[in-house]
Amino acid sequence: MKKLSTYILVGVIICGFHFSCSSGGGGDDDMSSPDPDPIAMDPPSAAALVFPEQNSECTTGSNLTSTESTIVFNWNDASNATSYQLFVKNLNTQNTQNYTSNVSEKSVTIMRGTPYSWYVISKNSGTETAQSPTWKFYNAGEAVSSYAPFPAELISPALSETLDATTTSVVLEWNGADVENDIKEYDVFFGTENSPTNKEVTTNSNSTSVSVSSGNTYYWKIITYDEQNHNSESQVFQFHIE
């Protein structure tokens, strides 16, 4: 009887030791494997714009009324892109609308007899995007034989740029474009009023130098004229001298 008790006790000890070891070993087996690295997504390329063409008169459209028409904006497929965002800006009002498309075209209803700019951003499920160049065009109006120039695109100084206090002169730079390619000259308006009325100079160049002084905020705009004396007015840009 004594021997039997001893055997039972030894058996209990052995079983307890085995259970303890098994439990400890199982912890390592249950450890979670690290998540695999995410699949790298190649960034999309910039779309090549097709239509409406750069600096052109767009005479193609549908659903025509006296004030509106529907234009199919078209661009080439971009590598690695799964969707696109189209931006269309009315250059008279400076109002921008954007549209999403899963294919390389989008129908948009816009005003007739009005200048526009447009560009496309290529996207996929990754975080990087790519932007196309920006093109300008006139959406044809009724019985118009000649169009005003596109509003000048102000380049430098950039909007709300701050320049060093030692700056005494600044070169204003802009780009001009016209469907008929007959820009004659530019009137440069410049001053400390937020809607400048002082005509600084008339020039056929795309830049001019102006004098500035420390502590002032300056405003400027460009009025573009063509050979038929049609004209267009740019946005007003401002910059500050510390």
Side-chain angles (χ1 to χ4, degrees), residues 37-64 67-141 147-162 173-179 181 206 220-222 224 232-239:
D37 292 334
I39 298 173
M41 177 66 68
D42 291 332
S45 63
L49 306 186
V50 176
F51 184 84
E53 296 177 355
Q54 169 75 313
N55 296 337
S56 68
E57 177 189 14
C58 178
T59 58
T60 301
S62 60
N63 303 324
L64 294 178
T67 59
E68 294 182 335
S69 63
T70 299
I71 305 299
V72 179
F73 289 79
N74 185 269
W75 56 94
N76 288 333
D77 291 340
S79 300
N80 304 316
T82 56
S83 66
Y84 304 93
Q85 196 163 10
L86 166 67
F87 291 80
V88 181
K89 182 178 183 179
N90 182 321
L91 296 178
N92 285 343
T93 64
Q94 300 300 313
N95 181 50
T96 300
Q97 300 289 332
N98 68 85
Y99 309 87
T100 299
S101 177
N102 293 325
V103 295
S104 54
E105 65 178 31
K106 184 68 176 179
S107 295
V108 179
T109 299
I110 57 177
M111 301 297 295
R112 299 184 67 188
T114 303
Y116 286 89
S117 66
W118 69 291
Y119 66 91
V120 171
I121 291 181
S122 306
K123 298 181 174 183
N124 59 24
S125 60
T127 58
E128 295 187 53
T129 62
Q131 181 174 323
S132 75
T134 299
W135 281 10
K136 297 177 182 178
F137 70 97
Y138 254 99
N139 190 29
Y147 289 97
F150 293 107
E153 179 186 3
L154 307 187
I155 303 298
S156 180
L159 179 62
S160 300
E161 184 174 355
T162 298
E173 297 180 67
W174 62 92
N175 285 332
D178 182 83
V179 171
N181 197 29
N206 289 86
W220 63 292
K221 68 179 180 181
I222 304 294
T224 307
S232 63
E233 184 173 324
S234 75
Q235 292 178 267
V236 176
F237 268 24
Q238 70 180 65
F239 63 92

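All values below come from the heavy atoms of this structure, side chains included, with hydrogens, waters and symmetry mates left out.
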CD/Gln54: more than 12 non-hydrogen atoms of other groups inside 6.0 Å: yes

Are any non-hydrogen side-chain atoms of Val50 and Glu105 less than 4.5 angstrom apart? no

Are the side chains of Ser160 and Gln238 in touch, meaning some heavy atoms are under 4.5 Å apart? yes

Are there over 12 heavy-atom neighbours, none belonging to Asn181, within less than 6.0 Å of that residue's CG? no

Indicate whether the side chain of Ser69 and that of Asn139 have a donor and an acceptor atom separated by less than 3.5 Å. yes

For Glu173, is there any backbone N or O sitting under 3.5 Å from a side-chain donor or acceptor partner on Ser156? no

Ser101 side-chain N/O to Tyr84 backbone N/O, donor-acceptor pair under 3.5 Å: no

Ignoring hydrogens, what is the shortest heavy-atom contact between Val103 and Trp75? Give both atom names and the distance. O-CZ2, 3.5 Å

From CG (Leu154) to NZ (Lys221), nearest 0.5 Å: 11.0 Å

At their closest point, which heavy atom of Val88 faces which heavy atom of Tyr116, and how far apart are they? CG1-CD2, 3.7 Å

Taking Asn124 for its side chain and Asn80 for its backbone only, find out whether a donor-acceptor pair lies under 3.5 Å. yes

With rounding to the nearest 0.5 Å, note down the distance linking OG1 in Thr67 to CD1 in Ile110. 11.5 Å

Would you mind reporting whether Thr109 and Thr70 have side-chain heavy atoms less than 4.5 Å apart? yes

Parallel under 30°, tilted from 30 to 60°, perpendicular over 60°: which one fits the rings of Phe87 and Tyr119? parallel

Of all heavy-atom pairs linking Pro44 and Glu128, the shortest is CD-O, 3.4 Å

Do you know which two heavy atoms are closest between Pro52 and Phe73, and how far apart they sit? CD-CD2, 3.4 Å

Report, one line per pair, each donor and acceptor closer than 3.5 Å where one atom sits in a side chain of residues 129-137; sequence neighbours left out.
from, atom 1, to, atom 2, distance (Å)
Ser132, OG, Val120, N, 2.9
Ser132, OG, Val120, O, 3.4

What verdict does the side chain to side chain contact (heavy atoms under 4.5 Å, CB included) test give for Trp118 and Leu86, after you've listed the backbone C-alpha separation in whole Å, the side-chain angles of each residue and the deciding distance to 0.1 Å? CA-CA 7 Å; Trp118 69 291; Leu86 166 67; 3.5 Å; yes

Can you name the closest pair of heavy atoms from Ala152 and Thr224 and give their distance? CB-OG1, 3.8 Å

Supply the atom-to-atom distance Met111 CE to Thr93 OG1, rounded to the nearest 0.5 angstrom. 9.5 Å

Between Ser122 and Ser45, the two heavy atoms sitting closest are OG-O, 2.9 Å

Main-chain N/O of Trp174 paired to Asn206 side chain as donor or acceptor, under 3.5 Å: yes

Main-chain N/O of Ile222 paired to Ser234 side chain as donor or acceptor, under 3.5 Å: yes

Would you compute the distance between atom CG of Asn92 and atom CD of Glu233 and round it to the nearest 0.5 angstrom? 10.5 Å

When you measure from the side chain of Tyr99 to the backbone N and O of Ser107, does any donor-acceptor pair fall under 3.5 Å? no

Tyr147 (side chain) donor-acceptor with Pro115 (main chain) under 3.5 angstrom: no

